[in-house]
Amino acid sequence: MDGTLLRGGILSGIAVALGSLALLIVLIYWSTRNRGPRRPVDMARHQEALRNFRLRYAAEPLPKRWWGRN
């Protein structure tokens with residue numbers, strides 16, 4: 001067999017594998033890094049918004065759709 005990958009020998013295959021692994025590690029690191037400071041969550045404001053949502057939407061029955069009527 002005189003393939004391109006086989007002609008280089010085992011060392012070139014190992015070099016390609018290590019290079020690919022290094023590139024994959026750098027790509028994963030870059031995609032998961034922290035992208036700047038984040039604001040802390042204001043839990044009191046969050047609880048108030050959730051309470052308002054429940055008061056507005058959970059108390060009302062879901063509207064009947066034309067495909068759900070009997």
Side-chain angles (χ1 to χ4, degrees):
M1 295 176 91
D2 195 22
T4 307
L5 292 176
L6 297 176
R7 195 180 323 150
I10 294 177
L11 288 179
S12 66
I14 291 173
V16 168
L18 288 178
S20 299
L21 183 62
L23 184 64
L24 181 64
I25 289 172
V26 168
L27 183 68
I28 290 173
Y29 170 75
W30 182 80
S31 66
T32 59
R33 68 189 166 125
N34 191 5
R35 299 191 185 273
R38 296 183 179 175
R39 287 186 313 163
V41 175
D42 185 4
M43 285 306 291
R45 187 174 177 197
H46 177 70
Q47 292 289 340
E48 181 184 357
L50 185 61
R51 185 170 48 251
N52 290 339
F53 177 82
R54 286 181 177 153
L55 285 174
R56 179 178 293 173
Y57 295 107
E60 299 176 6
L62 292 175
K64 281 286 206 175
R65 304 287 185 210
W66 63 269
W67 58 83
R69 294 183 187 146
N70 291 333

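Computed from heavy atoms alone, side chains included, the values below leave out hydrogens, waters and symmetry copies.
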What is the distance from atom CG of N52 to atom CD of Q47, rounded to the nearest 0.5 Å?
11.5 Å
Mind checking ring-ring contact (aromatic ring centres under 6.0 Å, His included) for Y29 and listing every partner two or more places apart, or none if nothing turns up?
none
Would I10 and L18 show up in the same hydrophobic cluster when neighbours are defined by side-chain heavy atoms closer than 4.5 Å?
yes
Separation between CD1 (I25) and CG (L21), nearest 0.5 Å, reads 4.0 Å
Side chain to side chain contact (heavy atoms under 4.5 Å, CB included) involving R33 - partner list, sequence neighbours excluded:
W30, R35
